[in-house]
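Everything on this sheet refers to the single structure shown next.
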There are 2 protein chains.
Amino acid sequence: MLHRPDPFNAQCPTRRVLDRIGDKWAVLILILLERETLRFNELRRRIEAISQKMLSQTLKSLERDGLIRREVFATVPVTVEYSLTDLGRTLASTVDTLRLWAEAHIGAVEEAQRRYDRGLPAGEAILPETALR
Amino acid sequence: MLHRPDPFNAQCPTRRVLDRIGDKWAVLILILLERETLRFNELRRRIEAISQKMLSQTLKSLERDGLIRREVFATVPVTVEYSLTDLGRTLASTVDTLRLWAEAHIGAVEEAQRRYDRGLPAGEAILPETALR
DNA sequence: CGGGATCCCGGACGATACTG
DNA sequence: CAGTATCGTCCGGGATCCCG
């Protein structure tokens, strides 16, 4: 690579990758598939409130990125299984730490929100004007 | 907590936290602030293509979540500095591993995309019908 | 069952102008 | 400098129908 990746440059490929990770549905799908291979409607049932359109669309782009594998079995009716590729597995484990963070710190976040909504006092100092710069 | 967090439940708070992380701008801001304290327009310049509206909006919700701290200095014109809170720092380091993943695997992702766009051969097996289930 | 195609709405987002 | 306010647009994504 001729120039180092810069996610803050709008054109940089790593920025696009970051944006994809930023997809809320993609994150949930990766976390689920890290645990087990699932079929389309199984994913649909597990991820509450996702529409079939978004599921199908998100699965397709994850497949395009080489993160998940799509296997079609010629049964009637047809069966389609989704699983992580090796590449996808490396990402999924990273993404799962985000889930762990969320579960561990959800309390602190909610408390911060309540304080902020009350009028953001407490914890945040009001700076003296002596601190001019 | 009475019931365990379930990010797949649309109402679960951890799901909302995950969605916030899913915010593309939030991720970039956290990564930048992990490195150093920055002022509003400094952030604006560094994050290419962000509008002042989105920056202001994202900063506000990050502050509300207790992830960043906003400090106003009574200079003329006024100076505002943004920095991570302790809570924000724990998240930022996790998020930064995503950036590292993106930089490390961007090549593999782009190659997968090219293959997919060519007609998704190579690597993906066409299953024999004998594998009926 | 696992989607694709179409229609359509609301909210996200950008551009611009104004202010303390 | 660091925002807020207003407006207008665009498109993400839900709903629905259909098909192999």
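Letters A, B, ... mirror the listed sequences (proteins, then strands); counts begin at 1.
For the helix from dC1(C)-dG20(D) to dG20(C)-dC1(D), the terminal axes (five pairs an end, C1' atoms, rotation from four pairs onto the next four) enclose an angle of 60°, given to 10 degrees.
With sequence neighbours excluded, the residues satisfying side chain to side chain donor-acceptor pair (under 3.5 Å) with Ser61(B) are Arg20(B). Taking Thr97(A) as the reference, Thr94(B) meet the side chain to side chain contact (heavy atoms under 4.5 Å, CB included) condition, with sequence neighbours excluded. The salt bridge (Lys or Arg N to Asp or Glu O under 4.0 Å) test applied to Asp96(A) returns Arg99(A), not counting sequence neighbours. For Lys53(B), the side chain to side chain contact (heavy atoms under 4.5 Å, CB included) partners are Ser51(B), Gln57(B), not counting sequence neighbours. Residues satisfying the salt bridge (Lys or Arg N to Asp or Glu O under 4.0 Å) test with Arg89(B), not counting sequence neighbours, are Asp86(B). Considering only residues two or more places apart in sequence or on other chains, Asn9(A) meets the side chain to side chain contact (heavy atoms under 4.5 Å, CB included) condition with Asp6(A), Gln11(A), Cys12(A), Glu48(B). Remark: Thr90(A) engages Trp101(B) in a side chain to side chain donor-acceptor pair (under 3.5 Å) (not counting sequence neighbours).
Per the geometry, CG belonging to Asp23(A) stands 18 Å off P belonging to dC11(D), to the nearest Å. Atom CZ in Arg44(A) sits roughly 10 Å away from atom P in dG14(D) (whole-Å rounding). Protein atom CZ of Phe40(A) is 5 Å distant from nucleotide atom P of dG3(C), rounded to whole Å. The NZ atom of Lys60(B) sits 12 Å away from the C1' atom of dA2(D) (whole-angstrom rounding). Summarising the geometry, the separation between CD1 on Ile50(A) and P on dG12(D) is reported as 16 Å, rounded to the nearest angstrom. Across the protein-nucleic acid pair, Gln57(B) atom CD and dT4(D) atom P stand 10 Å apart, rounded to whole Å. Atom pair Glu63(B):CD and dA2(D):P shows a separation of 15 Å (rounding to whole Å applied). At whole-Å resolution of the value, CD in Glu42(B) and P in dC1(D) are 10 Å apart.
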Return a table of donor-acceptor pairs under 3.5 angstrom between the side chains of residues 104-114 of chain B and protein atoms on other chains or two or more places apart.
from: Gln113(B); atom 1: NE2; to: Asp65(A); atom 2: OD1; distance (Å): 2.7

For residues 24-37 of chain A, which side-chain N or O atoms pair as donor and acceptor with protein atoms under 3.5 Å away, sequence neighbours left out?
from: Glu36(A); atom 1: OE2; to: Arg46(A); atom 2: NH1; distance (Å): 2.9
from: Glu36(A); atom 1: OE2; to: Arg46(A); atom 2: NH2; distance (Å): 3.2

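Within residues 25-36 of chain A, no residue has a heavy atom under 4.0 Å from DNA chain D.
One N or O on the side chain of Thr85(B) and one on the backbone of Leu67(B) form a donor-acceptor pair closer than 3.5 Å.
Nearest nucleotide to the Arg39(B) side chain, out of dC1(D), dG3(C), dG13(D): dC1(D).
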Between the protein and nucleotides 16-20 of chain D, list the N/O to N/O atom pairs that are separated by less than 3.5 angstrom.
from: dT16(D); atom 1: O4; to: Gln52(A); atom 2: NE2; distance (Å): 2.7

